[in-house]
Amino acid sequence: MNIAVFASGGGSNFQAIADACVDGTIPGEIVLCVASRPDAGVLKRAEKLGILSMVLEGPSDEWTPQVIQRLNETGADFVALAGFMKMIPSALIATYPGRIVNIHPALLPDYGGKGMYGMHVHRAVIAAGESESGATVHIVDEEYDTGPVVAQERVPVLAGDSAEDLAARVLRVEHSLYPAVVKAFAEGRVHIDGKQVTIHSPNS
Ligand code: GAR
């Protein structure tokens, strides 16, 4: 599977997926890194690994055709959003139906939607006094964080946690959850039926 990863930040999830491709856990490779800003740390990681990257500039109606063209040129057949802070245009969703996934640092449908990203999520979870949070991988649709859930993993919220403590605990879980989900897609084990997503075990 030829994977494109879209990111806006440090890119630790990009790295986790890249590492799992390099060590053979995921039968695939990252063929393109798309960053939403020129100072995104993910770009350095891509360069180090010799992975082609591009930076989005201007409004989405300008960059959408450029991205679709580059995805075509690189043969990308799957898109993983990893801390990508822009809305995915519908033309892109239509090009990759059921093949664009996102990781969100909470247990969707809770703590999702516009404005709920990064530390905002963890602050809201702590302020609400939740005893659990986690990470969710979902299929991307035309709204923020509303697409079918593919997989979730829970973590506890501990007494006295700061938002940073919780973010670090959730991120650790993301680094195993996200490569596992991408692997399942690469192995053709993900079945989507409307809002219902099933991951089949390797030998079933
Ligand atoms: C991750 O925690 C991811 O779940 C979150 O941004 C972080 C990116 O970290 N994504 C969102 O909040 C999207 N709504 P990374 O750059 O180290 O992979």
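Just follow the structure's listing: the first ligand is 1, and inside any ligand the first atom is 1.
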Colleague: When you group the ILVMFWY residues by side-chain heavy-atom contacts below 4.5 Å and let the links chain together, are Leu92 and Phe185 in the same group?
Modeller: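 Cluster IDs for Phe185 and Leu92 differ.
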
Colleague: Closest non-hydrogen protein atom to atom 14 (N) of ligand 1, residue and atom name please, with distance?
Modeller: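 Sorting protein heavy atoms by distance from atom 14 (N) of ligand 1 puts His104 ND1, 3.3 Å first.
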
Colleague: Is there a donor-acceptor pair closer than 3.5 Å between any side-chain N or O of Arg70 and the backbone N or O of Met54?
Modeller: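 Checking the backbone N and O of Met54 against the side chain of Arg70, no donor-acceptor pair under 3.5 Å is found.
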
Colleague: Measure from atom 16 (O) of ligand 1 to every heavy atom in Ala7, Gly11, Gly83 and give the option owning the shortest one.
Modeller: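 Considering heavy atoms of Ala7, Gly11, Gly83, the nearest to atom 16 (O) of ligand 1 sits in Gly11.
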
Colleague: When you measure from atom 17 (O) of ligand 1 to every protein heavy atom, which one gives the shortest distance, and what is it?
Modeller: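 Going by distance alone, atom 17 (O) of ligand 1 is nearest to Ser12 OG, 2.5 Å.
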
Colleague: Heavy-atom distance to atom 13 (C) of ligand 1: which of Leu108, Val173, Ile103, Leu81 wins?
Modeller: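 Closest candidate by heavy-atom distance is Ile103.
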
Colleague: Is a side-chain N or O of Asp77 found less than 3.5 angstrom from the main chain of Asn2, in a donor-acceptor match?
Modeller: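 Indeed, once roles are kept as given, a pair shorter than 3.5 Å links the two residues.
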
Colleague: Is there at least one pair of N or O atoms, one from Asn13 and one from ligand 1, spaced under 3.5 Å apart?
Modeller: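 Asn13 vs ligand 1: N/O contact under 3.5 Å present.
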
Colleague: Has Glu73 got more than 12 heavy atoms of other residues, nucleotides or ligands less than 6.0 Å from its CD?
Modeller: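 Yes.
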
Colleague: Would Glu174 count as a polar contact of ligand 1, with the cut-off being nitrogen or oxygen pairs under 3.5 Å?
Modeller: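 Yes: some nitrogen or oxygen of Glu174 is under 3.5 Å from one in ligand 1.
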
Colleague: Considering heavy atoms of the protein only, find what lies nearest to atom 11 (C) of ligand 1 and give residue, atom and distance to 0.1 Å.
Modeller: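 Protein heavy atom at minimum distance: Pro105 CD, 3.6 Å.
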
Colleague: Can you tell me the protein heavy atom closest to atom 12 (O) of ligand 1 and the distance?
Modeller: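 Its nearest protein heavy-atom neighbour is Gly118 N, 2.9 Å.
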
Colleague: Check contact between Leu171 and ligand 1, using heavy atoms of the residue and a distance below 4.0 angstrom.
Modeller: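 So Leu171 counts as touching ligand 1.
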
Colleague: For the pair Phe84 and Phe6, name the ring-plane relationship: parallel under 30°, tilted 30 to 60°, perpendicular over 60°.
Modeller: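 Plane angle over 60°, so perpendicular.
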
Colleague: Return yes if some donor-acceptor pair links the side-chain N/O of Thr136 with the main-chain N/O of Ala106 below 3.5 Å, else return no.
Modeller: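 Confirmed, Thr136 side chain pairs with Ala106 backbone.
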
Colleague: Tell me, yes or no, whether the heavy-atom count around Lys44 atom NZ, taken from other residues, nucleotides or ligands under 6.0 Å, exceeds 12.
Modeller: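 It does not: Lys44 NZ has 12 such atoms or fewer within range.
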
